Undergrad: 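I'd like to ask some things about the structure below.
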Number of protein chains: 2
Amino acid sequence: MTLEAPYGNRKTGEQRLTKGCRRVLAALEQMDNLTSAQDIHGMLRQSAPEAPGLTTVYRSLDSLVALGLVQSVDIGDGEKRYELVVPGEHHHHLICQHCRASIHLDECLVANLEQSIMSQYGFVIRHHVLEVFGLCANCAEMEMTTK
Amino acid sequence: MTLEAPYGNRKTGEQRLTKGCRRVLAALEQMDNLTSAQDIHGMLRQSAPEAPGLTTVYRSLDSLVALGLVQSVDIGDGEKRYELVVPGEHHHHLICQHCRASIHLDECLVANLEQSIMSQYGFVIRHHVLEVFGLCANCAEMEMTTK
DNA sequence: AATCCAAATGGAAATCGTTTTCATACTACT
DNA sequence: AGTAGTATGAAAACGATTTCCATTTGGATT
């Protein structure tokens, strides 16, 4: 008669998301762009003072990445960014250095090459990083006309 | 009759490498693998107590990267690595997560796609990051036989 | 409902690569 | 030699992330 256990059931091994994870996930659903842990924390705290602490945000992000619901993106400034992904998948970006917009690439360039890398080098790929930096169409045009 | 100015000549605009840059460059020539700033510093100091300080190593690396003689590589652990490159060129790696070896890829996968990315998204590429992580042939085999 | 255990949480302190600051040493040109 | 602009070094500052540790919470057991 009791509501089922929100963190999961130990007997069945059912494992649900912790409160922290759910809050972080909810925050990421609001964002349409790459977001840092500190941004997520700030955003959550702003809308609710009892929101998870920064430590919990970091821990939750780790869990969500491990679960394949979120991917972390390294844009080279020493601050990791996060975003939702289709569970278990990943994608890469074109990142505009002017307006910070990130465009998803719908195809992974490396996937095509896994086979040839494997056979050419005997290298077993576990994961890879690919990000492209430059100017998006808008900003590139602005740059042109401003000059 | 005097030797020409070792830092360069202001009139001609000739610009040579500073002592720090030369030392760092020499260190990089010794390495056959990706190296961190702190490693370079430690190595230089070990062989000569009057070697450049850490700050100078960082500054020299920045200069060398700007000059296109060195590239910095982000392997995702928060510590940048550096290596010599064919001046003005770049390359990517297969990085073994077990023995830390890095295998140079002789071809840049992104170069082929610049055109199509440009025309499909209007995105102007300035640079990109691509690193592949996994196990090199040796380590992959070891992993197999150990199990 | 009372209790116990494991997991989750929060805040403060610690880490650690890198950058800044600022005073000093060097170099090139006059 | 004199001066201005660089280069350099050590120490302090920075900032994202992790670690510590004490507390709370949730789930199972009685």
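Not measured: the values here are computed from a predicted model. Numbers restart at 1 for each chain; the letters A, B, ... are given by sequence-line order, proteins then strands.
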Undergrad: Mind checking who shares a hydrophobic cluster with A:Y58, ILVMFWY linked at side-chain heavy-atom distances under 4.5 Å?
TA: A:L54
Undergrad: Grab the CG-P distance between B:D39 and C:dG17 for me, whole Å please.
TA: 10 Å
Undergrad: Quick one: sort the A:H90 and A:H128 rings into parallel, tilted or perpendicular, breaks at 30° and 60°.
TA: perpendicular
Undergrad: Measure from CZ on B:R16 to C1' on C:dT27 and round the result to the nearest Å.
TA: 12 Å
Undergrad: Return the value, rounded to whole Å, for the distance between atom CG of B:D74 and atom P of C:dG17.
TA: 14 Å
Undergrad: Closest to the B:R59 side chain: C:dT19, D:dT17, C:dT21?
TA: C:dT21
Undergrad: Just the rounded figure in Å: distance from P of D:dG9 to CZ of B:R23.
TA: 9 Å
Undergrad: Taking only heavy atoms on the protein side, list every residue of residues 44-58 of chain A lying under 4.0 Å from any atom of DNA chain C, sorted numerically.
TA: A:R45, A:A51, A:P52, A:G53, A:T55, A:T56
Undergrad: Do the non-hydrogen side-chain atoms of B:E83 and B:V73 ever get within less than 4.5 Å of each other?
TA: yes
Undergrad: Show the nearest heavy-atom pair for residues A:H98 and A:C139, with the distance to one decimal.
TA: ND1-SG, 3.3 Å
Undergrad: Could you go through residues 102-114 of chain B and list every donor-acceptor pair under 3.5 Å that involves a side-chain atom there, pairing it with any protein atom two or more places apart or in another chain?
TA:
residue	atom	partner	partner atom	Å
B:S102	OG	B:N33	OD1	2.7
B:H104	NE2	B:H91	NE2	3.3
B:D106	OD1	A:Y121	OH	3.0

Undergrad: Using every non-hydrogen atom in the two residues, find where A:V24 and A:S60 come nearest and quote the distance to one decimal.
TA: CG2-CB, 3.8 Å
Undergrad: Send over the distance from A:H41 NE2 to D:dG15 P, rounded to a whole Å.
TA: 17 Å
Undergrad: Starting from C1' on C:dA8, measure out to CZ on A:R22 and report it in whole angstrom.
TA: 12 Å
Undergrad: Given atom CG of A:L61 and atom C1' of D:dA16, what is their separation to the nearest angstrom?
TA: 13 Å
Undergrad: Whole angstrom is fine here: how far is it from CG in A:D77 over to P in D:dG15?
TA: 13 Å
